[in-house]
Amino acid sequence: QVQLVESGGGLVQAGGSLRLSCAASGLTFSTYTIGWFREAPGKEREFVAAIYWNGGSTYYADSVKGRFTISRDNAKTTVYLQMNSLKPEDTAVHYCAARFLGLLSQSAAEYNYWGQGTQVTVSS
């Protein structure tokens with residue numbers, strides 16, 4: 001079955017960096033657009049970034065543009081989210097999601113598969 005497994009979360013001070021990974025299995029990875037979303041306590045799940053199935057295009061939420069970089073390695077069936085200049089408001093559970101041959105989208109409803117999430121906590 002399809003599995004998406006996030007890793008790389010943790011506790012970091014404001015201004016620090018983390019790199020999240022999303023390892024996929026059970027699907028033809030190179031045909032899936034991958035997105036990152038996050039959910040903070042008491043808030044709705046929000047879009048962070050997405051990368052097209054062929055890696056040719058990326059899309060970022062305004063709140064992370066210039067600080068986060070999404071990339072993928074289809075040979076390793078893994079997507080990465082490099083997060084720099086972290087802020088306390090980035091604190092959330094971060095999820096990766098897969099969308100079959102999909103266009104870049106910030107709508108969670110358009111993604112078919114989800115990981116279990118990894119906690120990112122940024123202290124001030």
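Worth saying up front: this structure is predicted, and the values here are computed from it rather than measured.
- Counting all heavy atoms, side chain and backbone alike, V93 lies closest to G117 at CG1-CA, 3.8 Å.
- Closest approach of S124 to P88, counting heavy atoms only: CB-CG, 3.8 Å.
- Without hydrogens or angle criteria, T69 side chain to Q82 main chain gives no donor-acceptor distance under 3.5 Å.
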Exercise. Applying salt bridge (Lys or Arg N to Asp or Glu O under 4.0 Å), run through K87 and D90 and close with a yes or a no.
Key: CA-CA 5 Å; K87 304 175 181 180; D90 294 317; over 6 Å; no

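- Within the 4.5 Å cutoff, side-chain heavy atoms of I70 are placed close to those of V79.
- At a threshold of 4.5 Å between non-hydrogen side-chain atoms, the residues Y95 and L20 do not count as touching.
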Practice problem: Test side-chain contact (heavy atoms from CB on, under 4.5 Å) on S63 and R38 and set out the steps. | Solution: CA-CA 12 Å; S63 59; R38 65 189 182 187; 3.6 Å; yes

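- Contact detail for L27 and A98: the closest heavy-atom pair is CD2-CB, 4.4 Å.
- A donor-acceptor pair is defined here as one N or O able to donate and one able to accept, closer than 3.5 Å; such a pair exists between the side chain of E6 and the backbone of C96.
- Using a 4.5 Å heavy-atom cutoff, the side chains of T31 and F100 are in contact.
- Geometrically, R19 engages Y80 in a cation-pi contact defined by less than 6.0 Å to the ring centre and at most 45° from the axis.
- The OH atom of Y60 sits 7.5 Å away from the CG atom of L81 when rounded to the nearest 0.5 Å.
- Residues Y111 and I34 have side chains not in contact (no heavy-atom distance under 4.5 Å, counting atoms from C-beta outward).
- Proximity of W36 to M83: side-chain heavy atoms (C-beta onward) are nowhere separated by under 4.5 Å.
- When every heavy atom of G26 is checked against every heavy atom of V2, the shortest pair comes out as O-CG2, 3.5 Å.
- Within the model, atoms CG of N84 and CZ of R67 stand 9.0 Å from one another, a figure rounded to the nearest 0.5 Å.
- Expressed to the nearest 0.5 Å, how far CZ of F68 lies from CG of L86 amounts to 5.0 Å.
- Closest non-hydrogen pair, S21 versus T78, comes out as CB-CG2, 4.2 Å.
- Side-chain contact between L18 and H94 is absent, with no heavy atoms from C-beta onward closer than 4.5 Å.
- Here the side chains of Q119 and T91 are in contact, with some heavy-atom distance below 4.5 Å.
- Considering all non-hydrogen atoms of both residues, R72 and S30 come closest at NH2-CA, 4.2 Å.
- Under the 4.5 Å side-chain criterion, counting only non-hydrogen atoms from C-beta, S105 is not in contact with Y59.
- Note: W114 and F37 have tilted aromatic rings, judged against thresholds of 30 and 60 degrees for the angle between ring planes.
- Of the options T33, L103, L104, I51, a side-chain contact (heavy atoms from CB on, under 4.5 Å) to S57 is made by L104 and by none of the others.
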